[in-house]
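These notes are about the structure you will find just below.
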Amino acid sequence: MDGLPIAAQDDSWEVAGRRFRSRLIVGTGRYKDLEETGRAIEASGAEIVTVAVRRVNLGDPKAPMLQDYVDPRRYTYLPNTAGCFTAEDAVRTLRLAREAGGWNLVKLEVLGPPPFLYPDMRATFEALEALLKDGFEVMVYCSDDPIAAKRLEEMGAVAVMPLGAPIGSGLGIQNPVMIRSIIENAKVPVLVDAGVGTASDAAIAMELGCDAVLMNSAIAHAKDPVQMARAMKAAVEAGRLSFLAGRMPRQYAADPSSPLAGLIR
Ligand SMILES: CC(=O)[C@@H](O)[C@H](O)COP(=O)(O)O
C-alpha cells in the first residue's frame, strides 16, 4: 500500500490491551436466524461481536448455538448485559458469562425504562464498581454526557460508549457536540453505541473522531442485512479516513476552485 498516509496504513486501535483493525463492532441479535447472523457478520468485517448473554444461546448444545455460525476462535466475543435494568442483574449476568465462556472483556449496559431505554447511569456506576472489583475489563454503554463519561473512565472503564440515539431507534447521532466533547476529553477509546440507522450515521460517528462504532439493529433490521453490513464496513472506513484526512474549513461565502481573475472575455 503506497498511496495512503502512514496513519491509514496501520490504523489499528486498541482496547484493554487487545489490538484490532476493524473499527466496527456488531451485535448478534435480531436477525432472521443464526445463518443470516453469520453471513452478515462476515460481510461486516468486524473482529469483535457483542452477545446478549440473556438472549442468545451460548450453552445449550441441543438448540442452535451462536458459536456454530460465528466462530469464537475467529471473533472476539464481547458479552453484554442487554435486557438488564438493575446493577445486580447486570453483574450477575456477566459473572454467568465468565463462568460459561471465560470471557473477561465485557460490555456493561444498564437500561432505564421504556420507551427510551436510556442508560441508567446511577446503576451503571454501581455495576461498574462491582465488576472492576471482580477483575472484569469493562466497556461501558453510557449517556451522551461528558461528565458521566469521564467519571466512568476515572473509575476504570476500558472504553466509554455513549449512545448515538436510543437502542433500536435508528435515529442516528442526535448529540454530535457532546459526543465530540467526550472524545476530546477521553484517554480511553470512545465508541458510539446504539442508534445508528444507516451508513452515513456510522461515517458521521467516525468523522467526529470515535475510535469505533457498535451497532446491531441497523444491520439486522435492514431489508438486506448482508448488503447493509458491507455498507457499514465501507462507511466506518470512509469516516475514519475522512477524520484522519481532516475536514476542510466551513465558510459562508463561495470560494471558486478556479481563479476568476484573468478570464478570457
Ligand atoms: C447490541 C448491543 O449491544 C445494544 O447496545 C444495542 O442493540 C445496539 O444498539 P442498536 O441496535 O441501536 O445498534
Side-chain angles (χ1 to χ4, degrees), residues 15 22-32 34 36-37 40-41 44 46-58 66 70 75-85 89-90 93-94 97 103 105-121 123-124 127-128 131 138-144 149 152 157-175 179 189-206 210 212-222 225 228-229 231-233 235-236 239:
V15 61
S22 170
R23 290 173 180 269
L24 175 57
I25 299 179
V26 291
T28 51
R30 302 184 167 207
Y31 288 92
K32 188 177 67 186
L34 286 172
E36 183 179 78
T37 312
I41 289 173
S44 75
E47 295 166 304
I48 306 177
V49 297
T50 186
V51 183
V53 180
R54 299 180 66 183
R55 296 200 180 116
V56 174
N57 177 29
L58 293 166
L66 180 68
V70 180
Y75 296 96
T76 296
Y77 271 42
L78 179 70
N80 72 58
T81 56
C84 292
F85 292 85
D89 249 7
T93 299
L94 291 175
W103 297 294
L105 178 66
V106 294
K107 176 189 152 176
L108 170 65
E109 64 179 66
V110 188
L111 304 178
F116 295 117
L117 303 176
Y118 205 74
D120 179 335
M121 290 312 298
T124 300
L128 176 62
L131 290 167
V138 193
M139 300 172 70
V140 187
Y141 175 64
C142 61
S143 54
D144 47 5
L152 293 170
V158 297
V160 293
M161 307 200 288
L163 79 167
I167 291 173
S169 68
L171 287 171
I173 317 288
Q174 294 296 297
N175 204 349
I179 303 259
V190 178
L191 292 80
V192 156
D193 174 2
V196 165
T198 190
S200 53
D201 300 330
I204 288 169
M206 295 309 297
C210 282
V213 183
L214 190 157
M215 68 181 73
N216 190 166
S217 311
I219 297 176
H221 283 177
M228 185 57 87
M232 291 301 183
K233 176 177 192 284
V236 167

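Counting convention: from 1, in listed order, for ligands and their atoms alike.
- At under 3.5 Å, a nitrogen or oxygen of Lys107, whether backbone or side chain, sits near a nitrogen or oxygen of ligand 1.
- Counting only heavy atoms of the protein, atom 8 (C) of ligand 1 lies nearest to Asp193 OD1, 3.7 Å.
- Scanning the protein heavy atoms around atom 6 (C) of ligand 1, the nearest turns out to be Ile167 CG2, 3.8 Å.
- In this structure, Pro79 and Trp103 approach most closely via the heavy-atom pair CG-CB, 3.5 Å.
- A side-chain donor-acceptor contact under 3.5 Å links Arg54 to the backbone of Gly83.
- Remark: ligand 1 atoms within the under-4.0 Å shell around heavy atoms of Asn80 are 3 (O).
- Residue Gly27 has no nitrogen or oxygen atom sitting less than 3.5 Å from a nitrogen or oxygen atom of ligand 1, judged on distance alone.
- For the atom pair CD (Glu109) and CG (Asp120), the distance works out to 12.0 Å, reported to the nearest 0.5 Å.
- With hydrogens and angles ignored, the 3.5 Å screen pairs no side-chain donor or acceptor of Ser143 with any backbone N or O of Pro119.
- Numbered from 1 in the order shown, with element, the atoms of ligand 1 that lie under 4.0 Å from a heavy atom of Gly168 read 10 (P), 11 (O), 12 (O).
- Within the 4.0 Å heavy-atom criterion, both parts of Asn216, backbone and side chain, lie near ligand 1.
- Residue contact check for ligand 1: Leu214 places a non-hydrogen atom closer than 4.0 Å to it.
- Atoms of ligand 1 lying under 4.0 Å from any heavy atom of Thr50, numbered from 1 in the order shown and given with element: 1 (C), 3 (O).
- Geometrically, ligand 1 and Gly195 share a nitrogen or oxygen pair separated by less than 3.5 Å.
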Evaluate Asn216 against Tyr31 for side chain to side chain donor-acceptor pair (under 3.5 Å), listing each step before the verdict. CA-CA 9 Å; Asn216 190 166; Tyr31 288 92; 4.7 Å; no
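- Side chains of Glu47 and Thr76 form no contact here, defined as non-hydrogen atoms less than 4.5 Å apart.
- At distances below 3.5 Å, at least one donor-acceptor pair connects side-chain atoms of Asp201 with backbone N or O atoms of Gly197.
- For Arg30, no nitrogen or oxygen atom sits less than 3.5 Å from a nitrogen or oxygen atom of ligand 1, counting backbone and side chain alike.
- Applying the 4.0 Å criterion to heavy atoms of Met215 picks out, from ligand 1, the atoms 13 (O).
- Checking only distances, Ser217 does come within under 3.5 Å of ligand 1, N or O to N or O.
- Considering Met139, Lys107, Met215 in turn, Lys107 is the only one that fulfils the side-chain contact (heavy atoms from CB on, under 4.5 Å) rule with Asp193.
- Between atom CD1 of residue Ile41 and atom CD1 of residue Ile219 there is a gap of 8.5 Å, rounded to the nearest 0.5 Å.
- Geometrically, ligand 1 and Tyr141 share no nitrogen or oxygen pair separated by less than 3.5 Å.
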